[in-house]
Each structure stands twice: as C-alpha cells, then as structure tokens.
J.: 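Sharing a structure with you now.
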2 protein chains.
Amino acid sequence: MQISKGVEWAAHAAVLLSALPTGRGLKAEALARYHSVPGPYMAKQMQALSKAGIVQTARGKHGGYRLARPAGEITLWDIMTAIEGSKSAFTCTEIRQNGPCGATPEQCRKKCAIAAAFHAAEVAFRESLQAISLVEIAAGVAADSPRKHLRNVGAWLEKEAVAIG
Amino acid sequence: MQISKGVEWAAHAAVLLSALPTGRGLKAEALARYHSVPGPYMAKQMQALSKAGIVQTARGKHGGYRLARPAGEITLWDIMTAIEGSKSAFTCTEIRQNGPCGATPEQCRKKCAIAAAFHAAEVAFRESLQAISLVEIAAGVAADSPRKHLRNVGAWLEKEAVAIG
DNA sequence: GTCTTAATACTCGGATATTACTTGTCCGAGTATTAGAGG
DNA sequence: CCTCTAATACTCGGACAAGTAATATCCGAGTATTAAGAC
C-alpha cells in the first residue's frame with residue numbers, strides 16, 4: 001500500500017499549471033526546476049498525464065504542457081490514476097477455490113466477502129479524491145501563502161510561461 | 001498503490017481461525033494447506049499477525065495459532081496494518097519547500113493541501129475497513145455456501161484443530 | 001526587398017539501467033511428548 | 001509400579017535469496033525558428 005512519489009510530483013505540477021491563464025503552459029524542465037526534482041523523471045510523469053488526456057502538449061521549440069480542461073474538472077483521482085493506473089489496489093486471487101475445501105464455482109457467483117470489503121473501502125477512497133479538484137487545492141495553497149510569496153510565484157510564472165495553442 | 005498479496009492470505013486465515021471455538025487453533029502448515037499457498041510464506045504472514053497481537057501462538061509439539069481476541073473485535077484494517085505496516089500510503093516529501101519559490105517555514109505550519117486531501121481519502125479508506133470485522137466476513141461467506149460445503153469445512157477443522165491454552 | 005528552402009535549436013516521446021521492495025525459502029530457538037532408567 | 005530425567009520430534013521465530021515494480025536516466029522523433037540564397 002504505497003502511493004508512488006510521482007503522484008505527488010504530478011499533482012504539484014498540475015496545480016502549478018492551473019495557476020496559468022488559459023492558453024499558456026510550461027515546459028517539463030521548468031516544472032522540474034520549480035520543485036527541484038529530477039528533470040527526466042518529472043517529464044515521465046508529465047507524459048503519463050498527457051496519455052491520460054489531462055494535459056495537452058506542444059512539441060518543438062516553443063513546446064510545453066498546459067491543462068487540457070478547466071482546473072475545476074481535474075480531480076486528484078484523475079491524476080493518481082494517470083500515474084498509477086486504474087487497477088484496484090486489492091487483487092483477489094480467489095484462494096477460496098483452492099485446497100481441500102475449495103469453494104464450488106456456484107458459490108463464486110458472488111464476489112468473495114473479503115474482496116468486496118476491500119473494494120468498498122477503495123470506493124470510499126476514490127470518492128474522497130474525486131471530490132477535490134485542482135481549484136480547491138490551489139485555493140488552499142493560496143490561503144496559506146503570504147502575499148509576497150504569491151507575487152514571487154506570479155513573477156516566476158510570467159517569466160517561464162510559454163504560449164500553447 | 002498495491003496491497004500486498006499477504007494481506008489477502010492473512011485475512012482468509014484469520015476468518016478460518018474465527019470459525020474455531022475458543023481455545024482451539026491451527027498450525028501454520030494447516031492454514032497454508034487449506035488454501036494451497038506456500039507454507040513458509042504463509043507462516044511469515046502469521047508471524048506478522050502475532051507481532052501485532054491479533055493471534056496468540058503456542059510453540060512446541062502441539063503449537064499453533066489462535067485468535068487473541070473475539071472475532072468481532074478484529075477488523076480487516078487490523079489485519080492489513082499488521083501485514084503492511086501502519087504508515088500512510090501517501091508520503092509528502094514537502095517539495096513545496098524546494099525550488100526558486102519554495103514555501104517559507106511559517107507557511108508549512110498547516111499541512112500541504114495535496115497531502116491533506118490524500119490523508120482524508122486514506123481516513124475514508126481506513127474507516128470503511130474498520131467497520132468490517134471477521135464476524136461480518138464469516139457471516140457473508142456462510143450465507144453464500146451450501147450446507148454441504150459448511151459440513152466439509154467443519155469436518156476438516158475438527159480433524160486439524162489443536163488445543164491452545 | 002521578398003519568397004523559398006534548408007539547416008538548426010529546442011521540445012516531447014519511448015526505450016533503457018539501477019535501486020528498493022515484495023515474494024518465496026531456509027535453518028535455528030523453544031516446548032510438550034515420550035521412552036527409559038532408577039528407585 | 002511409580003518417578004525423574006534426558007532424548008526427541010515437532011512447532012514458531014527471525015535471517016537469507018530471487019523476482020518484480022518503482023525510480024532515475026538517456027537518446028531518438030518532431031516542430032517553430034531563422035538564416036541564407038535565389039528571384
């Protein structure tokens with residue numbers, strides 16, 4: 001039960017992109033530099049977000065990443081599944097069918113009770129994350145930041161942002 | 001985000017132990033044989049349950065494992081944390097403090113908004129699992145099993161069970 | 001001066017090593033049985 | 001025949017390899033710029 005570190009990076013990167021006006025973006029190297037994380041691995045996470053349709057990309061000299069849809073329509077669950085994959089955390093190997101008292105096929109119509117309990121818990125986890133979009137995250141971050149810090153971030157973004165149509 | 005296979009095995013083993021009357025238990029080899037899983041690895045999971053205080057052990061010739069408390073007081077969350085450890089799935093590395101616009105220490109009084117959202121989701125996950133005890137699992141399994149199968153299991157348990165004081 | 005074109009510089013994308021962890025296995029520590037010898 | 005003792009057989013407990021996935025990295029594919037050359 002371990003969430004990949006890439007999820008954290010991708011989430012922070014997405015929040016940063018959400019601070020940009022529509023039509024502007026950042027290149028992978030800038031996203032990595034902003035948080036002082038290894039550039040190539042950051043790029044790998046951004047590729048995953050791209051394949052999941054969360055960010056749009058532009059190649060070439062003025063290339064970079066921008067959000068593919070409004071920040072309010074991108075949840076933390078979207079980002080997590082983009083990086084980790086959408087397979088469920090608990091995988092039932094149906095060991096109830098094994099051994100001297102193995103369950104008969106007709107008993108297995110219904111899902112194994114243990115698997116069902118874990119899947120219900122995962123649903124609760126998913127719904128909690130689906131309730132949080134980049135907008136709420138950005139608002140929370142802004143509320144905790146002094147005005148001076150927000151100005152610094154704004155200036156940095158203005159310097160690094162590129163136009164992506 | 002992957003739950004160890006050992007959690008599944010330990011959960012099934014605990015449910016099996018809950019079917020025994022108080023004061024009786026099973027040895028690790030029997031638990032493994034019941035589900036046709038590798039014996040030594042099954043034993044490893046049982047050791048984890050033992051260290052977590054979920055099962056009591058007896059060594060020696062008539063050794064084995066029995067539940068340490070009533071099945072109604074053992075939840076799936078207990079079993080999962082016993083195997084996987086109780087550290088949270090999302091680890092915040094505080095990358096918001098890095099880079100050219102790193103957050104100042106006073107901003108970090110409050111938890112990072114992203115980490116807070118993930119931890120809230122984990123709480124929902126945990127509470128869902130804490131609501132399910134071995135009793136509910138056993139009841140669900142029994143409801144789906146034909147009478148004949150339950151008799152087979154009962155006979156097998158009677159044959160393999162050992163007395164553990 | 002203007003248009004075409006080819007070279008170029010800079011970006012993303014996928015394939016490639018390295019490390020950490022889960023999975024699977026082994027041998028030593030510990031205890032009730034039990035066989036045997038002595039009383 | 002009973003009791004004490006020591007050997008024994010069987011269990012759990014922690015230490016030890018093998019396989020797999022996460023982490024970190026590199027080089028090739030693709031595009032806007034741009035500079036040169038022809039008209």
Side-chain angles (χ1 to χ4, degrees), chain A residues 1-10 13 17 25-33 35-66 68 80 83-85 87 89-91 93 95 160-165, chain B residues 1-10 13 17 25-33 35-66 68 80 83-85 87 89-91 93 95 160-165:
Chain A
M1 186 75 170
Q2 191 63 25
I3 294 177
S4 163
K5 201 185 295 185
V7 172
E8 183 191 9
W9 298 3
L17 288 179
L26 290 169
K27 55 185 180 179
E29 183 271 337
L31 286 167
R33 184 153 38 81
H35 291 112
S36 299
V37 294
Y41 193 41
M42 182 79 229
K44 187 184 181 67
Q45 313 307 327
M46 295 312 293
Q47 285 170 34
L49 292 186
S50 169
K51 255 193 272 189
I54 293 173
V55 298
Q56 282 184 347
T57 64
R59 305 175 81 169
K61 180 146 186 172
H62 285 234
Y65 295 94
R66 53 162 280 197
M80 173 160 165
I83 305 296
E84 297 249 315
K87 66 186 184 311
F90 183 88
T91 55
T93 58
I95 62 174
E160 298 282 346
V162 296
I164 297 180
Chain B
M1 183 76 170
Q2 191 64 24
I3 294 177
S4 162
K5 202 186 294 185
V7 173
E8 183 191 8
W9 298 3
L17 288 178
L26 290 169
K27 55 185 180 179
E29 184 272 335
L31 286 167
R33 186 154 35 83
H35 290 114
S36 298
V37 294
Y41 193 40
M42 182 79 231
K44 188 183 180 69
Q45 313 309 325
M46 296 311 294
Q47 285 171 33
L49 292 186
S50 169
K51 255 191 273 189
I54 293 173
V55 298
Q56 282 184 348
T57 65
R59 306 175 80 166
K61 181 148 184 170
H62 285 232
Y65 295 95
R66 53 162 279 198
M80 173 160 164
I83 306 295
E84 297 249 313
K87 67 187 183 309
F90 183 88
T91 54
T93 58
I95 62 174
E160 299 282 347
V162 296
I164 297 180

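All values below come from the heavy atoms of this structure, side chains included, with hydrogens, waters and symmetry mates left out. Throughout, a chain's letter reflects where its sequence line sits, starting with A, and its residues are numbered from 1.
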J.: Counting any heavy atom closer than 4.0 Å, what does B:Lys44 reach on the DNA or RNA strands: base, sugar-phosphate only, or nothing?
T.: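 The residue B:Lys44 makes base contact.
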J.: Using a 4.0 Å cut-off to any heavy atom of chain A, which nucleotides of DNA chain D are the first and last in contact, reading 5' to 3'?
T.: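 The contact span of chain A on DNA chain D goes from D:dT23 to D:dT31.
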J.: Separation of B:Ile83 atom CD1 from C:dT23 atom P, in whole Å?
T.: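 Taking atom P of C:dT23 as the reference, CD1 of B:Ile83 is at 10 Å.
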J.: Show the nearest heavy-atom pair for residues B:Ala13 and B:Met46, with the distance to one decimal.
T.: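 Answer, listing the atom of B:Ala13 first, then B:Met46: CB-SD, 4.1 Å.
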J.: Tell me, please, which residues at least two apart from B:Arg66 pass side-chain hydrogen bond (donor to acceptor under 3.5 Å, both in side chains).
T.: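 For B:Arg66, no residue satisfies side-chain hydrogen bond (donor to acceptor under 3.5 Å, both in side chains) once neighbours in sequence are set aside.
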J.: Reckon B:Pro40 touches a base, only the sugar-phosphate, or nothing at all at heavy-atom distances under 4.0 Å?
T.: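 Base contact.
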J.: Is the shortest side-chain heavy-atom distance between B:Lys87 and A:Met1 below 4.5 Å?
T.: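 Result no, sub-4.5 Å side-chain heavy-atom pair not found.
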J.: Under 4.5 Å between any side-chain heavy atoms of A:Glu8 and B:Ile95, yes or no?
T.: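 The answer is yes; the side chains approach within 4.5 Å.
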J.: Could you check A:Gln47 against B:Met42 and say which one's nearest nucleotide on DNA chain C is further toward the 5' end?
T.: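 Nearer the 5' end of the strand: A:Gln47.
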J.: Counting any heavy atom closer than 4.0 Å, what does B:Gly64 reach on the DNA or RNA strands: base, sugar-phosphate only, or nothing?
T.: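 Sugar-phosphate: the residue B:Gly64, judged by heavy atoms under 4.0 Å, touches backbone atoms but no base.
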J.: Where each residue is assigned the nucleotide of DNA chain D containing its nearest heavy atom, which of A:Pro38 and A:Gly60 is assigned the position nearer the 5′ end?
T.: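 Final value for this comparison: A:Pro38.
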J.: Using only side-chain N and O atoms of A:Tyr65, determine if any of them is under 4.0 Å from OP1 or OP2 of C:dG13.
T.: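 For C:dG13, OP1 or OP2 has a side-chain N or O of A:Tyr65 closer than 4.0 Å.
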J.: Just wondering, do A:Thr57 and A:Ile164 contact through their side chains at under 4.5 Å, heavy atoms?
T.: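 Answer no - side chains too far apart.
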J.: Please give, in whole Å, the distance from C:dG13 C1' to A:Leu49 CG?
T.: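 Rounded to whole Å, this separation is 14 Å.
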J.: Compare every heavy atom of B:Leu17 with every heavy atom of B:Tyr65, then report the nearest pair and how far apart it is.
T.: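 Scanning both residues completely, I find the closest heavy atoms to be O-CD2, 3.6 Å.
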J.: Measure the distance from NE2 on B:His62 to P on C:dT33 and round it to the nearest whole Å.
T.: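 Interatomic distance, NE2 of B:His62 to P of C:dT33: 6 Å.
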J.: Return the 5'-most residue of the pair A:Gln45, B:Lys51 with respect to DNA chain D, ranking by each residue's nearest nucleotide.
T.: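 Its nearest nucleotide lies further toward 5', so the answer is B:Lys51.
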J.: Starting at CD of A:Gln2 and ending at P of C:dT23, how long is that distance when rounded to a whole Å?
T.: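 Roughly 13 Å, once rounded to whole Å.
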J.: Is there side-chain contact between B:Lys27 and B:Val162, with at least one heavy-atom pair below 4.5 Å?
T.: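 A side-chain contact is absent here, since even the closest heavy-atom pair is not under 4.5 Å.
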J.: Once you round it to whole Å, what is the distance between P of C:dG13 and CD of A:Glu29?
T.: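 Checked: the CD to P distance equals 16 Å.
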J.: Under 4.0 angstrom, heavy atoms only, what part of the nucleic acid is A:Ala43 near: base, sugar-phosphate, or nothing?
T.: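 Here A:Ala43 touches no strand at all.
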J.: Give one of base, sugar-phosphate or nothing for A:Ala28, where a contact means two heavy atoms less than 4.0 Å apart.
T.: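 Sugar-phosphate contact only.
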